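Have a look at the structure below before the remarks.
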Amino acid sequence: MKTPEQQKDTFLAKSEVKAHDLDHKRKIIFNIDRYNAAVVKGKAQFSALDTARKQAKNTKWRAIEQLDKHLELFEKNFTERGGKVIWAEDKEDALNAILAICRDKNTRTVVKSKSMVTEELHLNDFLAANEIESLETDLGEYIQQLDGEPPYHIVTPAMHKSKEDIAQLFHEKLGAPPGLSPSELTLIAREKLRHKYTEAEVGITGGNFLIADTGAVCVTENEGNGRLSTAFPQTHIAIVGIEKVLPSLQDLALFWPLLATYGTGQTLTAYNSVFCGPRQAGETDGPREMYVILLDNGRTNLLRKEVRESMYCIRCGSCLNACPVYKNIGGHSYGSTYSGPIGSVITPHLSGMAEFGHLSYASSLCGGCTEACPVKINIHEMLLENRHIYTEEKYGGLTEKFAWRLFKRGVLHRGLMNSASGRMKNFVFEKALRSAWGDRRDKIVFAPKSFNQLWKERKKA
């Protein structure tokens with residue numbers, strides 16, 4: 001386990017490398033440019049986009065303000081159809097519950113649809129340690145699993161890889177011929193994965209939305225792997241963060257198009273599934289048992305007023321694509337499950353302000369993330385609030401605090417500022433603020449006399 005200082009140093013070191021990796025920048029710019037072009041087309045389906053975004057924000061506000069009632073209503077409606085709900089306060093609760101289910105079913109193989117919350121739990125490693133094979137079935141996640149890497153992006157896990165990178169990976173890991181096309185690579189992945197669906201005893205998914213009035217879990221995906229992961233295995237486990245709740249099934253008419261447009265630029269995602277429980281009498285397919293694990297794992301910490309809006313997030317990833325910092329340092333530099341602007345807001349509260357508070361400084365505060373958010377979350381303002389909390393809780397470095405205190409004292413007293421020569425100011429800045437200013441910025445050189453002094457001399461003359 002890294003100390004808070006080590007976490008920060010690792011982040012800075014990784015950022016330094018990625019920010020100057022031109023090949024990495026080329027791949028990311030290529031992929032994000034394609035995304036931006038698609039999103040412009042996707043937005044055309046809305047006759048009043050800003051109104052739709054405001055309505056979505058208001059809906060999430062109502063959902064979070066009565067979070068307890070909505071979750072209890074979801075549980076009531078879901079269990080009435082034979083489903084089982086497990087409340088997990090933290091990571092250990094969730095993992096132990098999953099392991100107990102898997103052992104009860106004598107599970108050897110798990111097929112898993114794309115889910116960031118399972119990445120948060122490090123579920124694959126946990127199951128592997130308990131001699132259970134856990135296989136990612138989303139193509140991007142499968143690529144990352146083969147390479148031993150976590151997802152790079154909330155929506156597109158392998159965004160940082162070119163088709164040549166993936167072809168080389170398949171050659172090394174799967175023995176595929178080198179230099180295959182994307183279509184050929186997809187067919188190989190399909191061949192490797194297809195028989196696993198019928199072998200697996202358990203299928204695991206996340207959930208894009210929880211519907212309170214219906215007791216339903218909604219899963220959105222583009223490859224059909226989510227449906228295969230839930231159709232063949234006899235047991236389906238959905239692990240969903242408690243913030244994903246929506247009051248009514250009718251809300252999907254707004255949230256599905258918003259998620260599709262801002263996530264990938266589509267008018268609607270290819271596969272949208274609504275699970276209301278296990279297979280019912282007279283139904284011919286679906287799991288015999290279905291469990292929903294409602295995960296807190298620090299989410300109730302987000303209910304504090306400074307960052308409460310972060311619970312409105314629908315995990316579309318649009319703020320990542322808009323962020324100039326993310327586009328320069330990449331998803332893996334953050335060292336957390338959730339990267340980019342929204343990750344920098346929520347991670348300090350989910351995983352500890354001491355360990356991850358520094359992420360809130362990984363922003364230019366340009367407001368691009370807020371502008372890009374489909375539910376109008378004030379992301380850049382919450383990053384600023386996080387910085388305030390980080391400082392108030394005394395997690396900043398002593399040297400930096402002393403330097404800024406000295407700076408504040410100086411700039412608030414004109415006489416004190418004028419009493420120091422340009423040479424003295426250069427010396428103080430070099431010793432106290434150089435590390436904060438950065439080695440890659442031009443060195444600041446103070447003039448021998450301040451503008452105030454020059455102005456006074458001119459008036460006397």
Side-chain angles (χ1 to χ4, degrees), residues 59-90 93-105 107 110-113 115 117-118 121 200-221 226-256 259 271-297 299-300 303 311 314:
T59 301
K60 286 298 293 183
W61 173 81
R62 290 197 305 272
I64 298 304
E65 290 305 303
Q66 294 187 310
L67 181 61
D68 53 344
K69 293 180 180 178
H70 286 124
L71 290 174
E72 288 172 358
L73 180 60
F74 166 83
E75 180 181 32
K76 173 181 176 293
N77 291 326
F78 183 73
T79 54
E80 283 179 354
R81 293 179 60 86
K84 299 173 184 177
V85 173
I86 299 170
W87 297 76
E89 185 174 345
D90 54 27
D93 285 351
L95 292 175
N96 289 336
I98 295 165
L99 183 60
I101 296 167
C102 288
R103 284 180 171 167
D104 183 57
K105 312 304 175 188
T107 304
V110 166
V111 284
K112 193 166 84 59
S113 179
S115 164
V117 77
T118 59
L121 300 175
E201 295 84 4
V202 173
I204 295 179
T205 71
N208 296 90
F209 304 108
L210 293 168
I211 308 301
D213 71 351
T214 314
V217 179
C218 304
V219 176
T220 297
E221 36 115 8
R227 289 189 177 177
L228 290 170
S229 297
T230 55
F232 287 105
Q234 295 300 301
T235 303
H236 173 197
I237 304 173
I239 312 165
V240 191
I242 57 175
E243 80 283 8
K244 295 296 187 71
V245 71
L246 291 176
S248 172
L249 191 66
Q250 295 179 353
D251 296 325
L252 292 176
L254 173 61
F255 280 88
W256 267 347
L259 178 59
Y271 296 93
N272 294 287
S273 303
V274 179
F275 299 98
C276 297
R279 184 190 310 178
Q280 303 295 300
E283 294 181 345
T284 57
D285 58 12
R288 294 188 182 277
E289 289 187 279
M290 183 174 175
Y291 297 82
V292 171
I293 297 176
L294 297 175
L295 182 68
D296 184 336
N297 202 33
R299 282 162 174 76
T300 48
L303 290 171
M311 295 191 83
I314 60 174

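All values reported here derive from a predicted model rather than from experimental measurement.
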Is a side-chain N or O of [X] found less than 3.5 angstrom from the main chain of [Y], in a donor-acceptor match?
X: Asp296; Y: Ile242; answer: no
X: Ser248; Y: Gln250; answer: yes
X: Thr118; Y: Ser115; answer: yes
X: Asp251; Y: Leu246; answer: no
X: Arg288; Y: Gln234; answer: no
X: Glu221; Y: Gly226; answer: yes
X: Arg81; Y: Cys276; answer: yes
X: Gln280; Y: Gly82; answer: no
X: Lys105; Y: Thr235; answer: no
X: Asp93; Y: Trp87; answer: no

- Start with the C-alpha gap between Val274 and Thr214, add the side-chain angles, then the distance that decides, and say whether side chain to side chain contact (heavy atoms under 4.5 Å, CB included) holds. CA-CA 10 Å; Val274 179; Thr214 314; 5.7 Å; no

[X] and [Y]: which non-hydrogen atoms are nearest, and at how many Å?
X: Gly206; Y: Val219; result: O-CG2, 3.7 Å
X: Thr230; Y: Pro287; result: O-CD, 3.2 Å
X: Lys60; Y: Glu243; result: NZ-O, 2.7 Å
X: Pro233; Y: Val111; result: CG-CG2, 3.9 Å
X: Val110; Y: Ile204; result: CG1-CD1, 3.6 Å
X: Thr205; Y: Ser113; result: CG2-CB, 3.9 Å

- Task: Evaluate the side chain to side chain contact (heavy atoms under 4.5 Å, CB included) criterion for residues Val117 and Lys244: first the C-alpha distance (whole Å), next the side-chain angles of each, then the deciding distance (0.1 Å), finally the verdict.
- Result: CA-CA 11 Å; Val117 77; Lys244 295 296 187 71; over 6 Å; no

Return the [atom1] to [atom2] distance between [X] and [Y], rounded to the nearest 0.5 Å.
X: Leu249; Y: Ile211; atom1: CG; atom2: CD1; result: 6.0 Å
X: Leu73; Y: Asp213; atom1: CG; atom2: CG; result: 7.0 Å
X: Phe255; Y: Cys218; atom1: CZ; atom2: SG; result: 11.5 Å
X: Met311; Y: Trp61; atom1: CE; atom2: CH2; result: 15.0 Å
X: Glu75; Y: Glu80; atom1: CD; atom2: CD; result: 11.0 Å
X: Arg299; Y: Leu67; atom1: CZ; atom2: CG; result: 11.0 Å

- Of Asn96, Ile101, Leu294, Leu295, the residue whose pairing with Ile86 passes side chain to side chain contact (heavy atoms under 4.5 Å, CB included):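 For Ile86, the side chain to side chain contact (heavy atoms under 4.5 Å, CB included) check succeeds only for Ile101.
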
- Task: Compare all side-chain heavy atoms of Ile239 with those of Ile98 and state whether any distance is below 4.5 angstrom.
- Result: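 Yes, close enough: below the 4.5 Å cut-off.
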
- Message: Apply side chain to side chain contact (heavy atoms under 4.5 Å, CB included) to residues His70 and Glu65 and explain how you reach the verdict.
- Response: CA-CA 10 Å; His70 286 124; Glu65 290 305 303; over 6 Å; no

- Message: One pair to check against side chain to side chain contact (heavy atoms under 4.5 Å, CB included): Leu210 and Phe78. What are the steps and the verdict?
- Response: CA-CA 10 Å; Leu210 293 168; Phe78 183 73; over 6 Å; no

